[in-house]
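First comes the structure, then the notes that go with it.
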Amino acid sequence: MKTEPAAKPVDAQSLLEVDRIIHEPARLAIVAVLAACESADFVYLRNITGMTQGNLSVHLTKLEDAGYVAVEKRFVGKKPNTLCRLTPKGTAAFKQYRAQMARLVK
Amino acid sequence: MTTSRQIDEWMQRTRRYWYLDGISDAAMGLFLLLLGLLFVGESVTPPGSPLWLLWGTAGPLLLVGGAVAVGWLVRVLKERYTYPRAGYVTFEKQGSRRVARALAGFLLAAIIGAGIAVATHRLEHISFLYGLVFLGAFGYLSYRLGLRRYLLLAAWSLVLGITPLVFSLSLDQEGALFFIGVGAGMLVLGIVAWYRFDHSAPRQPERDDENRAGG
């Protein structure tokens with residue numbers, strides 16, 4: 001009789017090392033979007049992530065506080081515009097997170 | 001848990017944002033149409049005509065000036081119509097550089113290949129080479145961005161590259177047919193993409209992101 005292969009043990013240490021700031025799905029979406037471009041404004045981030053204005057603001061502030069995202073407030077014509085970009089620290093954290101995830105699912 | 005596929009999807013959607021409104025395609029299509037018309041002018045001008053002086057000057061001017069004009073036109077149109085609706089995104093690193101490098105590589109290969117072919121008279125139908133180069137460029141864009149219209153343009157480029165094999169055309173006529181065909185294809189698909197974008201991205205309210213909490 002065939003037996004089911006035993007489930008691969010999860011590397012607990014790797015799980016503990018996962019960056020909690022990035023691991024949260026909403027913040028991960030923001031970071032992934034910003035990793036694919038040089039900068040994106042608040043309107044674009046809200047459209048692509050589908051978050052509400054308040055929710056996006058809260059997550060951006062957390063990422064800004066962690067030093068992962070730089071936020072610049074400017075004017076385009078007479079309209080205020082909030083431009084976000086991933087910092088080098090944020091880029092490194094995102095790369096590390098993806099590598100960790102890849103190792104975990106292997 | 002968010003999967004790697006979802007992360008890739010977010011990143012790809014952002015990369016394709018530049019192409020989504022079709023403005024860059026339409027502008028490039030217009031540029032290629034003008035290039036094709038230059039070939040038409042050359043193909044109908046008899047040897048020794050003073051018009052050759054005009055074509056000789058217009059060619060380099062169109063290539064250099066056209067590239068600058070396309071860049072300017074795309075930027076102005078996006079700032080006027082796209083960014084106020086769907087948000088402002090800038091691309092200067094990673095993916096965009098790789099795409100630019102790939103396109104530059106294809107262009108360089110085309111120029112070198114065309115030069116060798118013309119110099120050695122080995123390749124009678126230069127448009128076949130154009131077709132292969134554009135097939136590669138559009139195919140890469142389709143793979144990279146996941147936009148089906150580039151797959152269509154890749155197939156169309158190959159058709160336009162093969163067509164002169166059936167008919168006996170001069171080099172100028174082949175160039176005219178190819179660039180007018182590809183230019184028209186890009187222009188039409190760019191306009192269709194714009195029409196779709198225009199209907200799917202409503203204008204944002206006036207003071208949309210002014211009061212970002214915590215910002």
Side-chain angles (χ1 to χ4, degrees), chain A residues 15 18 22-50 52-65 71-86 91 94 97-99 101-102 104-105, chain B residues 1-21 24 75-100 144-147 197 199-215:
Chain A
L15 271 177
V18 165
I22 287 185
H23 188 60
E24 201 283 327
R27 288 194 289 272
L28 181 57
I30 296 170
V31 171
V33 167
L34 291 177
C37 61
E38 191 196 32
S39 62
D41 74 355
F42 193 81
V43 173
Y44 179 76
L45 287 171
R46 197 192 55 195
N47 286 344
I48 197 166
T49 58
T52 62
Q53 196 160 322
N55 205 6
L56 178 59
S57 287
V58 169
H59 287 303
L60 271 177
T61 304
K62 281 190 180 171
L63 288 167
E64 196 181 6
D65 290 346
V71 177
E72 179 196 341
K73 298 206 104 186
R74 58 180 193 157
F75 278 86
V76 177
K78 287 180 179 175
K79 288 181 74 179
N81 185 265
T82 305
L83 201 63
C84 309
R85 70 182 76 229
L86 214 55
T91 307
F94 179 60
Y97 174 81
R98 292 211 74 177
M101 285 295 114
L104 274 172
V105 296
Chain B
M1 197 170 89
T2 310
T3 63
S4 181
R5 183 178 281 189
Q6 277 174 294
I7 296 172
D8 290 337
E9 170 65 19
W10 282 320
M11 294 179 81
Q12 193 184 51
R13 278 179 65 190
T14 301
R15 281 190 206 108
R16 78 167 77 126
Y17 181 65
W18 176 262
Y19 303 88
L20 213 59
D21 58 14
S24 56
R75 188 170 51 79
V76 166
L77 289 176
K78 278 182 179 285
E79 281 176 4
R80 178 80 182 81
Y81 298 107
T82 308
Y83 297 146
R85 292 178 182 210
Y88 195 95
V89 180
T90 58
F91 298 91
E92 277 176 15
K93 62 174 185 179
Q94 294 178 0
S96 59
R97 277 188 188 169
R98 279 202 291 267
V99 171
R144 173 88 181 152
L145 305 169
L147 288 173
F197 176 82
H199 283 72
S200 65
R203 277 195 170 272
Q204 299 292 326
E206 268 301 300
R207 296 165 74 83
D208 197 37
D209 74 338
E210 190 173 19
N211 301 312
R212 187 177 81 81

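Every chain is numbered from 1 and lettered A, B, ... according to where its sequence line falls, protein lines coming before strand lines. It should be emphasised that the depicted structure is a prediction, and the values quoted were computed from it without experimental measurement.
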More than 12 heavy atoms of other residues, nucleotides or ligands under 6.0 Å from NZ of K62(A): yes or no? no
Could you grab the distance from atom CH2 of W10(B) to atom CD1 of I30(A), nearest 0.5 Å is fine? 9.5 Å
Residues passing the side-chain hydrogen bond (donor to acceptor under 3.5 Å, both in side chains) test with Y44(A), sequence neighbours excluded, are T14(B)
So which atom in M11(B) and which in A35(A) form the shortest heavy-atom distance, rounded to 0.1 Å? CE-CB, 4.0 Å
Among K78(A), R85(A), R74(A), residue most engaged with chain B (heavy-atom pairs, under 4.5 Å): R74(A)
Closest non-hydrogen contact found for T90(B) with S39(A) is OG1-OG, 2.5 Å
Show the nearest heavy-atom pair for residues N47(A) and A86(B), with the distance to one decimal. ND2-O, 3.5 Å
Measuring only between side-chain heavy atoms, which start at C-beta, is D8(B) closer than 4.5 Å to R98(A)? yes
Start with the C-alpha gap between Y88(B) and L83(A), add the side-chain angles, then the distance that decides, and say whether side chain to side chain contact (heavy atoms under 4.5 Å, CB included) holds. CA-CA 8 Å; Y88(B) 195 95; L83(A) 201 63; 4.1 Å; yes
Residues in side-chain hydrogen bond (donor to acceptor under 3.5 Å, both in side chains) with R13(B), at least two apart? none
Taking every non-hydrogen atom, the tightest pair across I7(B) and F94(A): CG2-CZ, 3.7 Å
